[in-house]
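Quick notes on the structure that follows.
All residue numbers in this chain count up from 1 along the given sequence.
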Amino acid sequence: MYIKHRKFWLFSFLFLHLLICPLIYAQDVENPSALSTDELQPSHPPLSKGGLQEVKEGMVAPGDSPRKREFSEEQFKNAVNLINLKSYKEAEDILLQFTDNDLWKDKAYFLLSRIYKEQGAFDKAEDYLKRTVSSSLLLKDYALKSLTDMYISTEKFNSALEAIRQVKNKVLLKDVRNLEIIALLGAKQENKAIELLHGYIKDYPNDWKSKLTLAQLLKSHSKTDEAISLLKEIYINVVPLSADALIELRDMKADTFAPEELLVRADKLFEKGNFVRAEETYRDVLNSIEKSMRDKVLFSIGMCQFRLKQYDKSAKGFAMIETPEAMYLEALSYYRINDKEGFNNIIKKFESRYGKDEHLAKLLLILADDMRREGKLNEAEEVFKQVLNDFPSKTEDALWGLGWLNYIAREDYENASKYLLRLINESRGEDFDRYFYWYTKSLQKNCVKNKAVNNSDNPCPEKTIRPSQNTSYYSYLLKSRDQSLEKSKTRLSETEKIKTSMPTKPKGDVYDRIETLIFLGMKDEAVNEINMILQAVNKPEEFLYIGYSAMDAGEYKRIIAIADGIEKVVDSTLRDEFLPLSYPLGYWDIVKKASEDNGIDAYLVTALIREESRFDPMALSRAGAIGLMQLMPSTAQRLKGSIKIELKDNSEIYDAQKNILIGTHYLSQLIKRFKEMPLAIAAYNAGENALQKWLEQYKYKDIDEFIEDIPFEETRKYVKKVLRSYWQYRKIEGLPIVTPLEKFSNGTSRAF
């Protein structure tokens with residue numbers, strides 16, 4: 001009976017359609033807004049619910065009409081953007097026009113299903129997802145997954161199982177197995193779900209949510225011991241679901257833990273940077289562990305206090321442990337609170353007990369550096385020589401200390417060059433360029449000094465022969481020095497811009513799928529496909545394509561890491577091609593606007609973001625710095641008013657636009673205050689007060705000397721990394737590069 005009625009209505013509809021279509025299209029031409037899109041589109045019989053029968057060939061699809069239409073990529077991209085803006089009606093109007101074009105219909109079907117799903121029109125969404133399944137090999141598995149999600153949300157669990165079991169894409173394997181378990185639970189097939197969960201967590205041991213689900217199922221099936229074991233594992237590993245696991249354990253009266261279990265939890269808390277809770281947990285087990293473990297726990301408590309910068313407490317704690325490492329950290333604790341007497345006493349104690357231990361060598365190097373800064377040059381020299389004679393493993397550090405002492409403090413460039421030349425001859429590591437740079441500068445300064453003493457007119461050599469041609473911080477300085485020693489500004493000449501166009505797409509469905517996913521705005525899905533194929537890529541041209549695709553999808557961190565590695569080993573003719581992958585222009589539109597508003601170079605801001613977060617907007621440091629530009633919440637809250645940005649709470653600092661606007665403004669303020677870019681970079685990392693103290697306490701002739709002698713090792717390395725990245729970005733763009741070789745400015749700001 002139903003079939004007869006359906007045929008009757010179908011024939012009636014076709015008759016009416018043929019009768020009134022000309023009138024509709026005529027009215028549409030005269031007044032395009034007179035009818036809605038729904039009124040213009042012919043209806044069609046829906047596919048059966050719960051099944052996956054294929055769309056019949058020739059079936060009329062929404063948007064079919066005898067009119068000739070223009071189909072452009074730009075129109076389709078506009079629809080994608082409208083969906084992202086949740087302007088669903090406008091997007092729908094565009095996409096419906098693409099459903100009768102063989103080139104575009106599968107993509108249009110998929111996006112229409114998303115629109116209807118978002119709006120809760122599940123029948124329409126189901127219809128278009130099934131159309132995608134039947135028409136698109138590239139999107140079939142993603143359509144099946146989306147269909148499964150929708151079936152689960154509407155409690156059609158058997159249909160969900162039917163759909164998800166057809167997915168073949170290995171990239172979706174984890175999601176597929178997870179969804180199958182959820183559907184089984186919804187269908188009340190708990191035994192089968194438990195069986196699958198055991199296999200799933202074996203393959204994905206860090207999926208804590210699934211472990212909690214399994215534990216709860218085992219608990220309900222009276223498998224108590226296994227449930228407790230899983231719940232304790234969740235709690236001990238300090239994951240977001242630890243509190244839920246503890247509630248379950250308390251309900252089972254199983255919330256007691258052995259000291260060994262609590263120690264594991266304390267270690268995990270420490271690893272995650274929760275030093276306060278870690279210390280509390282270590283103290284909880286201190287009196288219940290064996291004597292042999294006591295020193296280990298006391299040491300861990302001391303490390304918590306040290307990381308919390310409670311140096312007076314950590315010094316006392318480490319003093320209770322008789323090991324070289326503990327004594328070393330006790331000395332460092334005194335050093336951090338500027339207790340020189342305590343620091344020196346520990347060194348004397350160290351020499352009497354562990355005279356040959358390398359931890360002593362580290363302390364002696366710190367002591368010698370401090371003596372040099374205080375002007376105790378002879379004492380410092382003696383300590384450096386002591387390390388040189390007694391600790392062969394620290395020969396390089398001791399030679400550098402002696403060379404730098406003669407260069408920066410005594411201005412004895414001849415002796416400095418001797419130590420530096422020895423380092424050059426003995427070094428094969430990353431510091432080679434560093435030694436070579438200061439060696440050439442020592443020779444130059446010694447020549448100038450001798451000319452002044454001897455009243456000579458003989459010119460000093462301006463160029464140096466240098467075997468290394470990499471792109472390190474010192475390499476840029478060397479190139480600048482060789483090009484223009486006689487000039488007041490050391491500007492590398494402009495070079496040709498490195499081309500960054502998308503390479504030719506390799507053959508294969510996976511590359512087509514990645515391209516399609518990015519085009520459809522499915523960047524997370526594209527990134528998953530990219531990460532999977534990266535494991536198999538072995539040709540430079542394939543990696544180049546994947547790399548640029550990853551940039552389009554916003555996946556920067558992993559590509560930068562891989563590109564940095566590849567750049568070091570590929571042929572020099574290919575090196576420039578990989579350089580833009582190492583130095584992407586992430587969030588460029590926001591960076592450029594923020595930089596223009598604040599009057600600073602956008603490439604400097606981008607370089608800083610690269611070194612701070614590798615373009616990860618969700619980056620969070622152990623110190624609490626947030627987002628792309630690693631802003632401390634106190635700094636962001638202090639500056640938000642000056643640029644009229646609202647921050648309801650600290651979570652909004654993660655917002656890419658707000659983070660960049662505040663961070664760029666802060667950097668511009670530092671440049672205005674300290675005049676020189678390297679000083680501003682140092683202040684960004686170490687704080688304005690620390691930088692001001694260094695500038696007042698130590699006097700330097702040249703900016704490169706200041707950078708080399710920054711007291712905080714972390715800040716010293718940071719400034720060099722940001723400057724190097726900045727120069728790399730400008731090199732890629734073919735822009736001139738200025739390096740900090742000249743004397744400190746007289747208060748006028750200079751664009752590097």
Side-chain angles (χ1 to χ4, degrees), residues 2-3 6-7 9-10 13-14 37-38 41-65 76 79-80 83 88 91-169 171-172 175-176 178-180 182-183 186-187 509 512-513 516-517 519-522 525:
Y2 168 78
I3 295 173
R6 182 169 176 173
K7 287 182 178 179
W9 286 113
L10 179 59
F13 167 77
L14 290 173
T37 306
D38 289 339
Q41 306 308 327
S43 180
H44 60 281
L47 298 174
S48 61
K49 298 179 183 178
L52 292 170
Q53 75 178 56
E54 295 186 350
V55 181
K56 295 180 180 178
E57 288 295 326
M59 182 174 285
V60 180
D64 283 350
S65 79
F76 206 96
V80 174
I83 292 174
Y88 295 132
E92 179 190 27
D93 289 343
I94 295 171
L95 292 171
L96 285 170
Q97 298 179 52
F98 282 84
T99 55
D100 60 353
N101 180 280
D102 289 339
L103 183 65
W104 294 97
K105 66 180 182 180
D106 55 342
K107 301 178 185 68
Y109 289 159
F110 192 81
L111 289 183
L112 284 166
S113 73
R114 178 180 164 187
I115 289 173
Y116 298 136
K117 187 178 177 183
E118 289 287 332
Q119 294 179 315
F122 295 126
D123 285 349
K124 281 187 173 182
E126 178 187 21
D127 191 351
Y128 280 99
L129 282 169
K130 289 176 179 177
R131 290 177 179 277
T132 309
V133 168
S134 67
S135 64
S136 173
L137 290 175
L138 293 178
L139 294 173
K140 177 179 179 179
D141 287 334
Y142 286 96
L144 287 166
K145 179 178 175 293
S146 185
L147 201 56
T148 304
D149 286 329
M150 191 174 66
Y151 284 146
I152 288 173
S153 68
T154 55
E155 299 186 355
K156 299 176 181 178
F157 300 113
N158 290 327
S159 297
L161 289 168
E162 182 184 350
I164 203 62
R165 286 169 179 168
Q166 296 186 51
V167 176
K168 305 298 181 185
N169 191 337
V171 175
L172 298 175
D175 289 339
V176 164
N178 206 352
L179 286 170
E180 184 176 5
I182 293 171
D509 287 347
D512 293 337
R513 186 159 49 249
T516 299
L517 291 170
F519 182 76
L520 295 177
M522 300 168 65
E525 291 82 355

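Judged purely by distance below 3.5 Å, without hydrogens or angles, the side chains of E126 and Y151 pair a donor atom with an acceptor atom.
Each of K124, R131, K130 was evaluated against D127; a single residue qualifies, R131, per the salt bridge (Lys or Arg N to Asp or Glu O under 4.0 Å) test. The only option from L147, L172, V176 that meets the side-chain contact (heavy atoms from CB on, under 4.5 Å) definition with I164 turns out to be V176.
The backbone N or O of N169 lies less than 3.5 Å from a partner atom in the side chain of D141, making a donor-acceptor pair. Judged by distance alone, the side chain of S146 and the main-chain N or O of A143 form no donor-acceptor pair under 3.5 Å. In this structure, E162 contributes its side chain and N158 its backbone to no donor-acceptor pair below 3.5 Å. S136 places no side-chain N or O within donor-acceptor distance of the main-chain N or O of T132, the cut-off being under 3.5 Å.
Annotation for A183 and F157: closest pair O-CB, 3.6 Å, computed over non-hydrogen atoms. T99 and K105 make their closest contact through O-CB, 3.5 Å (heavy atoms, listed as atom of the first residue, atom of the second, distance). The shortest non-hydrogen separation linking D106 to L139 is O-CD1, 4.2 Å. Contact between A79 and A91 at its shortest, heavy atoms only, is O-CB, 3.7 Å. Closest approach of E92 and I115 over heavy atoms only: N-CD1, 3.8 Å.
Of the inter-residue distances, the one linking L129 atom CG with F110 atom CZ reads 6.5 Å to the nearest 0.5 angstrom. Summarising the geometry, atom OH belonging to Y88 is positioned 4.0 Å from atom CD belonging to E118; distances are rounded to the nearest 0.5 Å.
Within the 4.5 Å cutoff, the side chain of K107 has no heavy atoms near those of the L111 side chain. The side-chain heavy atoms of I152 and T148, taken from C-beta on, include a pair separated by under 4.5 Å. Side-chain atoms of R513 and T516, non-hydrogen and from C-beta on, never get closer than 4.5 Å to each other.
Under the rule for a ring pair (Phe, Tyr, Trp, His ring centres under 6.0 Å), the partners of F519 that lie at least two apart in sequence or sit in another chain are F76, W104. Under the rule for a side chain to side chain contact (heavy atoms under 4.5 Å, CB included), the partners of D149 that lie at least two apart in sequence or sit in another chain are K117, K145, L179.
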